[in-house]
Engineer: 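Okay, here's the structure, questions in a sec.
This chain uses plain numbering: 1 for the first residue, then up along the sequence. Side chains included, hydrogens not; waters and symmetry mates left out as well; all remaining heavy atoms used.
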Amino acid sequence: MLLTRYEGWAFRLRDAKRYFSTKSVPKAEIKYTSTINLPKTKFPARLSVEKRTEVEDQLRKNCLNQLYSWNRNALPAANEFVLHDGPPYANGDLHMGHAVNKILKDLILKHKMISGTRVHYVPGWDCHGLPIELKALEAFNRRKHHAPGKTLQTAPEIRNTARRFALETIAKQKSGFEYWGVTGAWNDDDQGYYRSLDPSYIGAQLRLFSELYERKLIYRDLKPVYWSPSSQSALAEAELEYDEAHQSPSLYLKVALENRGTSCPAINQRQLTDEQVFAVIWTTTPWTLPANQAICYNPTLEYSIVQSSASGELLLVGKELVDYLAAQLETSLTVLQTIPGTELSTIKYHHPLDRSKLLPFLPASHVKAEKGTGLVHTAPAHGPEDFLVCLERKMSVENLIDERGLYNERAPSFLAGKYALTEGNTLVTEALRDSVLKLSTIVHSYPIDWRTKRPVMLRASDQWFIDTNRLKERALEEMQMVEIYPHASSEVSKKVLEAQLRKRPYWCISRQRAWGVPIPVLYDTVTKEPIVSRALLAVIEDRLKRESTIDFWWTASVEELVPAELVHRLGTSYGRLEKGKDILDIWFDSGVSWLSVLGYDRVADLYLEGVDQFTGWFQSSLLTSVAARDKAPYKAIFVHGFAVDENGLKMSKSLGNVICPKQIAKQYGCDALRWWVCAHATQHTSIPVSHKLLGSSAENVQKLRAILKFLLGVVAPDGSRTRARPNVDIQPDRLHHIDRYYLQQLEAFHQTVFSLYDSYQHSKATAAILNFCQSTLSGLYLHVIKDRLYCGTGDEHSNLKAILDATYRTVSKVLWPIVPFLVEESWKYYEADHFYSSNHQHQPNATLRAAPQSVHAVECALELRHAVYQQAQLNVNTWLLEVAVECSDSDLALLTMLHPSLHVPERSTELCELLQVGSVALLKPSSSENRFTVRVKKSDRPLCQRCRRYLVSEQDPICPRCNNVLSQR
């Protein structure tokens, strides 16, 4: 029977105690129990939910809440690690995505701290924008105290409600982050976090806007932008989602050429009859046809005049698309003439809804011969390529759609007041029925508002823009020097961000909402020109500091806001001035967070957010930083995925698959939640969340608790000290080869895990921790040394205690970033100080070096052990086995380091200890092809009644080693 019953990979001390006190042990042996050095500690093996909650609360209050300030004060500022926090929206309760993000950041920070690095981490919140405004409106409408039928109408009312909602949400989210053990200066008195509604943050943002305007990087213009009629605001790309099942009309339309196209010499040469010639265009947005201002063609393509077998009409289409169009129209098309695209420049056509309007054919490179007709309906108010083509020719833009998505008074009378995206499509196609060649429906991906989930449109409006064309090349250069993690997907991730930058012609930074930072601009009511003034900005900033809110922009009149002296300097009058009503895009709002947190000089070592931020915060931060200071705001980017349920579905209340991190932390403990994040959050873009995985994480944490309990029982049997524990020295001359081997493994384990932390490979770090604790520490070393540890001499126990002391410190060090509550709780039974401060003071023992030959010898013995156990009976006590081994000369040379005698069976060698057998005899090699030839027999002699390790005679029930130990007591 083994000394302790080894279950899984955690020693259970109660089994050892049971072994020395059970009825199966003769009464004469019971007296030896008190002579055994069994581990003992008051550190609990398990905590109830109530007790764990109590312990975690105490640790937050008395330990972890002081961590950030301790780190900032105790460690040198040189080589400070800066992690800049991307601000979460202050618009709701915390979810598993928050847990993934904040805990990953905390793992990194705690690793840096325990490595002796001072960290710079200022958590933040994005408090503005439509998501919060909508949440605030919902909350207002749910309240019972407001008058029936009353809704928020004015901007100040909306802003007050949104501010209260944001501040209440921040307080709840901050409490949640603290609950998870996330590092930060969370005390409101310290204000160790930033909020985009803080006066200092707003002031810095307004100054940057003014600076970029003066450098002509910000400008105002009429351009088509994504517009949400449901939100009545412009939207950025990052504020869009896509409906993959959206249905749109697919319309093939014929438009009549002026004078049958005879203005084109190539067509005139054909000497056509009086038959009309029609250009064929294709669109999925018939509602934009009233705003048609041109047809675009590609001068590098060829075009054909074809005759339809169905109607006999002559149609002008791209040559390469004749067969495609014939299939779409379900008719045959006979080519009558082919002409170069360059010949189309002289053609004009009649507007499809107003024949009195003659409109041009315009050359454009964006026209392709892939689908459609090779001729593109062009409405500059509703398409970026359309707009650029017409802008080049200084054509005015016809915008027939208002902010609500309704046709305005300039539209045809039958459309005025109708909603373009629905009624518009129907009414326009009905009005054009005589010109329709084919009308069908297609299912395709269509952009929708990420908040209202309603379709958006491209719509020309006067907006403020950042000139990304002037920034993108420098931004791309900077991105080449940015590290992206995880490395496995870094090339793909970098290409995604670069592609986003390259295709972005401009960035619309204005929004038409109430809750946000106002664009600090006055307008001349006569010329409509914007007035941006440093003097005006100074007035705004001064009032912002005094009132701690920018609400006065909406409540104060121009006369109250702008001093008369400034109006005079501007060369205008109050009657000609009005305040701008736009706010800044929330991506600009959050994208300039580096300015308030880092200033103009510092660059963050790391930005860490979800993979979706390549089109959001990563990009907006990069562009604003390059614009302001010609460099990226970060040296590295780390991206993680999104939490999904066990079936891969996004969590939502409607599906009923939401798992709340608050409940998870209460049920399984904060450390289990943190372990789950570390183990699962960095491998894939979808992060599975299930009670099975969370329960497994809790089990792993419990196993680690058992390991720490055992180690504490050896190294700190007296419990917590009132002063710091002195370093425990290892005596090198008393080390066994297995000790040296283990110390080498311990150091390699430490370096491996820290290296994985440094490269943000957290899932591999958890795997390495479990593998070491299960295999190397519990499965091998503790199993092998238990005889020396429990029954050996005082010198042996002292040296093993020193080794396990180093083990406890090392295991605590690698575990602390992931499970800080467990480590700090256990440390109270080891030293009086907190782990993080005690570890900082502790100097590693310089003697923890391993001899390579010892490592090779032990590795050889472990291979031999596998061969021995294959020969042994599974139900036999291996200490009763007598083993003879034949092996090669090279293996023999290694094994004799552990077992010096040849041919003679020895019982007290290191090889016996490693093999856990009664005796071993090493023999010269025979002609066997096997690496090891093993013979095993079982001894009939009894084992020592004290140690159960050595064979003894019936007359002397105690082995010499135990007699020696007992004589010294």
Engineer: Sequence neighbours excluded, which residues qualify as salt bridge (charged side-chain N to carboxylate O under 4.0 Å, His left out) partners of Glu824?
Structural biologist: none
Engineer: Could you walk me through whether Lys174 and Trp125 pass the side-chain contact (heavy atoms from CB on, under 4.5 Å) check?
Structural biologist: CA-CA 10 Å; Lys174 181 167 69 71; Trp125 278 272; 3.8 Å; yes
Engineer: Taking side chain to side chain donor-acceptor pair (under 3.5 Å) as the test, write out the residues that go with Tyr668, two or more places apart.
Structural biologist: His691
Engineer: Taking side chain as C-beta onward, heavy atoms only, is Ile769 less than 4.5 Å from Trp675?
Structural biologist: yes
Engineer: Identify, with sequence neighbours excluded, every residue that meets side chain to side chain donor-acceptor pair (under 3.5 Å) alongside Tyr179.
Structural biologist: none
Engineer: Is there a salt bridge (Lys or Arg N to Asp or Glu O under 4.0 Å) between Glu80 and Arg72? Walk through the geometry before answering.
Structural biologist: CA-CA 10 Å; Glu80 184 177 69; Arg72 299 288 296 171; 2.3 Å; yes
Engineer: If you round to the nearest 0.5 Å, how far is CZ of Arg52 from CG of Leu47?
Structural biologist: 7.5 Å
Engineer: Under a 4.0 Å threshold between the charged nitrogen and the carboxylate oxygen, would Asp601 count as salt-bridged to Arg629?
Structural biologist: no
Engineer: With side chains defined as the heavy atoms from C-beta onward, is the minimum distance between Leu780 and Tyr742 less than 4.5 Å?
Structural biologist: no
Engineer: From the options Asp671, Val811, Leu815, select the one residue that forms a side chain to side chain contact (heavy atoms under 4.5 Å, CB included) with Leu704.
Structural biologist: Leu815
Engineer: Taking only residues two or more places apart in sequence, or in another chain, which ones meet Lys635 in a salt bridge (charged side-chain N to carboxylate O under 4.0 Å, His left out)?
Structural biologist: Asp605
Engineer: Given Ser696, which partner from the list Leu693, Asn700, Leu694 fulfils the side chain to side chain contact (heavy atoms under 4.5 Å, CB included) test?
Structural biologist: Asn700
Engineer: Indicate whether the side chain of Asn101 and that of Lys105 have a donor and an acceptor atom separated by less than 3.5 Å.
Structural biologist: yes
Engineer: Please name all residues satisfying ring pair (Phe, Tyr, Trp, His ring centres under 6.0 Å) with Tyr634, sequence neighbours left out, ordered by chain then number.
Structural biologist: Tyr607
Engineer: Are side-chain N/O atoms of Tyr781 and Thr807 paired as donor and acceptor at under 3.5 Å?
Structural biologist: no
Engineer: Indicate yes or no: at least one non-hydrogen side-chain atom of His736 is less than 4.5 angstrom from one of Val784.
Structural biologist: no
Engineer: Are the side chains of Leu622 and Pro633 in contact, using a 4.5 Å heavy-atom criterion?
Structural biologist: yes
Engineer: Is the backbone N or O of Val492 less than 3.5 Å from a side-chain atom of Lys495, with the two atoms forming a donor-acceptor pair by type?
Structural biologist: no
Engineer: Could you tell me which residues satisfy salt bridge (charged side-chain N to carboxylate O under 4.0 Å, His left out) with Glu796, sequence neighbours excluded, listed by chain and number?
Structural biologist: none
Engineer: Is Lys828 salt-bridged to Asp833, going by a charged N under 4.0 Å from an acidic O?
Structural biologist: no
Engineer: With sequence neighbours left out, what residues match His797 under ring pair (Phe, Tyr, Trp, His ring centres under 6.0 Å)?
Structural biologist: none
Engineer: What distance do His98 atom NE2 and His95 atom NE2 have between them, rounded to the nearest 0.5 Å?
Structural biologist: 4.0 Å
Engineer: If the threshold is 4.0 Å, N to carboxylate O, is there a salt bridge linking Lys703 and Glu699?
Structural biologist: no
Engineer: Has the side chain of Tyr808 got a donor or acceptor atom that lies under 3.5 Å from a matching backbone atom of Phe710?
Structural biologist: no
Engineer: Applying side chain to side chain donor-acceptor pair (under 3.5 Å), can you list everything that pairs with Ser593, at least two apart in sequence or on another chain?
Structural biologist: His84
Engineer: Evaluate the side-chain contact (heavy atoms from CB on, under 4.5 Å) criterion for residues Leu104 and Val677: first the C-alpha distance (whole Å), next the side-chain angles of each, then the deciding distance (0.1 Å), finally the verdict.
Structural biologist: CA-CA 7 Å; Leu104 277 177; Val677 170; 3.8 Å; yes
Engineer: Under the rule for ring pair (Phe, Tyr, Trp, His ring centres under 6.0 Å), what residues qualify as partners of Tyr121, not counting sequence neighbours?
Structural biologist: none
Engineer: Counting only N and O atoms by type, is there a donor-acceptor contact under 3.5 Å from the side chain of Arg674 to the main-chain atoms of Ile818?
Structural biologist: yes
Engineer: Ignoring hydrogens and angles, tell me if any N or O in the side chain of Arg705 forms a donor-acceptor pair with the backbone of Pro44 under 3.5 Å.
Structural biologist: yes
Engineer: About how many Å separate OG1 of Thr776 and CD of Gln745, when rounded to the nearest 0.5 Å?
Structural biologist: 5.5 Å
Engineer: Quick one: pull up NE2 in His866 and CG in Leu864 and give me the separation to the nearest 0.5 Å.
Structural biologist: 11.0 Å
Engineer: Search all heavy atoms of Ile114 against all heavy atoms of Phe754 and return the closest pair with its distance.
Structural biologist: CG2-CZ, 3.6 Å
Engineer: Which is it for Leu782 and Leu804 under the side-chain contact (heavy atoms from CB on, under 4.5 Å) test, yes or no, and what are the steps along the way?
Structural biologist: CA-CA 9 Å; Leu782 295 181; Leu804 295 185; 3.8 Å; yes
Engineer: Would you give the length of the straight line joining atom CH2 of Trp180 to atom CD1 of Ile664, rounded to the nearest 0.5 angstrom?
Structural biologist: 11.5 Å
Engineer: Take Val753 and Phe772 through the side-chain contact (heavy atoms from CB on, under 4.5 Å) test and state the conclusion after the steps.
Structural biologist: CA-CA 10 Å; Val753 174; Phe772 176 83; over 6 Å; no
Engineer: Does Val715 offer a backbone N or O that forms a donor-acceptor pair with the side chain of Asp805 under 3.5 Å?
Structural biologist: no
Engineer: A side-chain contact here means heavy atoms from C-beta on lying under 4.5 Å apart; do His111 and Asp758 qualify?
Structural biologist: yes
Engineer: Has the side chain of Gln916 got a donor or acceptor atom that lies under 3.5 Å from a matching backbone atom of Glu913?
Structural biologist: yes
Engineer: With sequence neighbours excluded, what pairs up with Glu859 under the side chain to side chain donor-acceptor pair (under 3.5 Å) test?
Structural biologist: none
Engineer: Any donor and acceptor pair, going by atom type alone, linking the side chain of Ser625 with main-chain N or O of Ser621 inside 3.5 Å?
Structural biologist: no
Engineer: Could you grab the distance from atom NZ of Lys494 to atom CE of Met479, nearest 0.5 Å is fine?
Structural biologist: 5.5 Å
Engineer: Glu478: what forms a salt bridge (charged side-chain N to carboxylate O under 4.0 Å, His left out) with it, not counting sequence neighbours?
Structural biologist: Arg474
Engineer: Side chain of Asp126, backbone of Pro87: donor and acceptor closer than 3.5 Å?
Structural biologist: no
Engineer: Please determine, by modelled atom types, if His834 and Asn62 share a side-chain donor-acceptor pair under 3.5 angstrom.
Structural biologist: no
Engineer: Does Gln66 reach the main-chain N or O of Lys61 with its side chain, forming a donor-acceptor pair under 3.5 Å?
Structural biologist: yes
Engineer: In terms of side-chain geometry, is the basic nitrogen of Arg809 or Glu831 positioned less than 4.0 Å from the acidic oxygen of its partner?
Structural biologist: yes
Engineer: Just checking, any donor-acceptor pair under 3.5 angstrom between side chains of Glu498 and Gln480?
Structural biologist: yes
Engineer: By ring pair (Phe, Tyr, Trp, His ring centres under 6.0 Å), which residues pair with Phe81, not counting sequence neighbours?
Structural biologist: none
Engineer: Parallel, tilted or perpendicular: which fits the ring planes of Phe638 and Tyr485, with parallel below 30° and perpendicular above 60°?
Structural biologist: parallel
Engineer: With under 30° as parallel and over 60° as perpendicular, where do the rings of Trp827 and Phe835 fit, or are they tilted in between?
Structural biologist: perpendicular
Engineer: With heavy-atom distances below 4.5 Å as the criterion, would you say the side chains of Ile730 and Leu743 are in contact?
Structural biologist: yes
Engineer: Using atom types as modelled and distance alone, determine if a side-chain donor or acceptor of Asn73 lies under 3.5 Å from a backbone N or O of Ser69.
Structural biologist: yes
